[in-house]
Amino acid sequence: MSPPVITRFAPSPTGFLHIGGARTALFNWLFAKANGGDMLLRIEDTDRERSSDDAVAAILDGLNWLGLDWTGEAYSQYARADRHREIALELLDAGQAYRCYCSPQELAQMRETARAEGRSVRYDGTWRDRDAGDAPKDITPVVRFRAPQHGETVVDDQIQGRVIYKDRDLDDLIILRSDGSPTYNLSVVVDDHDMGVTHVIRGVDHLTNAARQSQIYSAMGWTVPVMAHIPLIHGPDGAKLSKRHGALGVDAYRAMGYLPEAMRNYLARLGWSHGDEEVFSTEQMIEWFGLEAIGKSPARFDFAKLENLNGLYIRKMSDEILANALFEFLPYSELPDDDQHKLKQRRQQLERALPVLKARAKTLIELVNSAHFLVATRPIVPDEKATLILQDGGEVLGALVDALEEIDDWTTPSIEAVIKAHAETNQTKLGKVAQPLRAALTGTTVSPGIFDVLAVLGKVESLDRIRDQLK
RNA sequence: GCCCCCAUCGUCUAGUGGCCUAGGACGCCGGCCUCUCACGCCGGAAACAGGGGUUCGAGUCCCCUUGGGGGCGCCA
């Protein structure tokens, strides 16, 4: 029996959880779920200078919002530094690592020279076989891994295929800094091994690391986990998506009014596919997900498609669930607090309006905006276009008020019947009546069908709003 | 500079030698519906980067070119 699948998402807490990281987390999560396994969360915080608690909080918040859960605690890699050091020393004792006394300046010089001479830029192995007696007294050494020099290191990747690196192109990486702290490549190997990680799914920018890490696995006699390096996500212009270039934190997507389930669906389709399927539930995603269906080429992030998908999700959600989502979104919206409060108090009215509001919103922001007329304070101040309409055709409202006043059964069909009859009697087009009505009731020229607006608003409020505009 | 990877409509992709006159989705254009805006429905334009091979037969396999991306830290 093969061991249970264990994946891990291992972000470094140097900033928010950006879209690429979110997709990596999603793929790890999907793969674990699809195989009845677990996803671990490990914060790669060995660089104390750059790590921050705020970033950790932002990452956890982002994962939670996306609905991606993990098994156990959120591990801190830094907390395991002693263990990493222990392995480094083991490697040192076994002759698989050695002390290097080059100063940072010397190393910089080395790189510069190599680049100038057109050679590959790497550590030249100065201290690889040098006698410890030559060690300068004023330099605290780092510990370097003694990498193989003349063979090949193969990364058998589930997505990239069999990638072969010549050992002469990979240098002896530092595994312990001069202050004795372990570095990334060592820590990752030790942690993945200790935590029983069976599948490493991460961005292809780690592919070279996979080769170097494989060498460490071999030196320790450990089994290399299954590797799967996914292509990166590019910005709309095809350039690499980075924090200073188009990449946003997932919290920004939340603030833009996207639903987590739509986000998951969209992200899953970036790089992964299941035939012609475009819209699928998270359950289906889990059922269908597999590494073999992930492509090798990078994808561009396309807001238009995300937005379309988000609209689709909004439309097919039940009114109750959508209302919940809307209320959860409110704190991140720009709706004034008292309007937020009013909207929550009028949940029933909101849910009645949702069926006709849904079709008109692609994001929760649009939904909030379109629902705003429900909580608008009288007298409503019409916007520019609505003001014009009221000036040009507002006089039809006077006669209409009386007709509406007669309605006892205040429902969409009854209202529709009365208004249509009224229009016919007065030999005017429905539009000539509907637009001024809309302007008076919502203060705008865009809204759901006018009969629905009247119905949802209620007789008293509707008539009051119309009369407000007659004065 | 060196190493590695990638390449189908504008974008995401299906396609694993004949089923491709290259399919779907978003976007775009046109139409229908219509009280506004949407939704929905119908239709349309739109791609195998270029060049060589291999083969009876290449989007699919190989090579080169071009273009793009990633890596080359006492960062992760």
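Chain identifiers are assigned alphabetically (A, B, ...) following the order of the sequence lines, protein sequences preceding nucleic acid strands; residue numbering begins at 1 within each chain.
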Say we look at [N] and [M]: how far apart would their [atom1] atoms be, to the nearest angstrom?
N	M	atom1	result
B:A58	B:A22	C1'	13 Å
B:C6	B:C48	C1'	15 Å
B:U16	B:A7	P	16 Å
B:U60	B:U8	P	12 Å
B:C32	B:A25	C1'	22 Å
B:C64	B:C3	P	13 Å
B:U21	B:G59	P	10 Å
B:A47	B:C42	C1'	24 Å

Looking across every strand, which nucleic acid part, if any, lies under 4.0 Å from [X] by heavy atom: base, sugar-phosphate, or nothing?
X	answer
A:Gln160	sugar-phosphate
A:Leu270	sugar-phosphate
A:Pro448	base
A:Phe451	base
A:Ser447	base
A:Val142	base
A:Thr445	base
A:Gly271	sugar-phosphate
A:His206	base
A:Lys362	sugar-phosphate
A:Thr444	nothing
A:Gly431	sugar-phosphate

In A:Phe16, A:Tyr266, A:Phe301, the residue satisfying ring-ring contact (aromatic ring centres under 6.0 Å, His included) with A:Tyr253 is A:Phe301
Between A:Phe31, A:Phe280, A:Trp288, A:Phe27, which is the residue that forms a ring-ring contact (aromatic ring centres under 6.0 Å, His included) with A:Trp272? A:Phe280
Report, as yes or no, whether the 6.0 Å neighbourhood of atom [atom1] on [X] holds more than 12 heavy atoms from other residues, nucleotides or ligands.
X	atom1	result
A:Lys459	NZ	yes
A:Arg99	CZ	no
A:Tyr217	OH	yes
A:Asp179	CG	yes

Length of the [atom1]-[atom2] vector between [X] and [N], whole Å:
X	N	atom1	atom2	value
A:Lys305	B:G24	NZ	P	13 Å
A:His372	B:C37	NE2	C1'	18 Å
A:Glu366	B:C39	CD	C1'	13 Å
A:Met227	B:C4	CE	P	19 Å
A:Asp392	B:U36	CG	C1'	15 Å
A:Asp167	B:C3	CG	C1'	13 Å
A:Phe301	B:C26	CZ	C1'	13 Å
A:Tyr266	B:U13	OH	C1'	11 Å

Which nucleotide in the set [options] lies at the smallest distance from any side-chain heavy atom of [X]?
X	options	value
A:Asp205	B:C12, B:G70, B:G40	B:G70
A:Gln435	B:C74, B:C35, B:C12	B:C35
A:Asp276	B:C39, B:A14, B:C4	B:A14
A:Ala359	B:C39, B:C35, B:A76	B:C39
A:Tyr165	B:C4, B:U11, B:U13	B:C4
A:Arg360	B:A76, B:A38, B:G69	B:A38
A:Asn308	B:U36, B:C26, B:A76	B:C26

For [N], the Watson-Crick or wobble counterpart (both distances under 3.5 Å):
N	answer
B:U66	B:A7
B:C72	B:G1
B:U21	none
B:A14	none
B:C41	B:G31

[X] and [Y]: side chain donor to acceptor below 3.5 Å:
X	Y	result
A:Thr126	A:Asp124	yes
A:Asp172	A:Tyr98	yes
A:Arg360	A:Ser370	no

Can you tell me whether the side chain of A:Arg438 and the base of B:C35 have a donor-acceptor pair closer than 3.5 Å? yes
What about A:Thr208: does its side chain form a donor-acceptor pair under 3.5 Å with the base of B:C72? no
Please tell me if [X] has a side-chain N or O lying less than 4.0 Å from either OP1 or OP2 of [N].
X	N	answer
A:Arg111	B:G1	no
A:Lys296	B:G69	no
A:Asn209	B:A76	no
A:Ser273	B:A14	yes

5' precedence on RNA chain B between A:Ala434 and A:Arg269 (nearest-nucleotide basis): A:Arg269
Contact nearer the 5' end of RNA chain B, comparing A:Asp169 with A:Ala304: A:Asp169
Does NZ or CZ of A:Arg48 come closer than 6.0 Å to the centre of the six-membered ring of A:Tyr78, within 45° of the ring's axis? yes
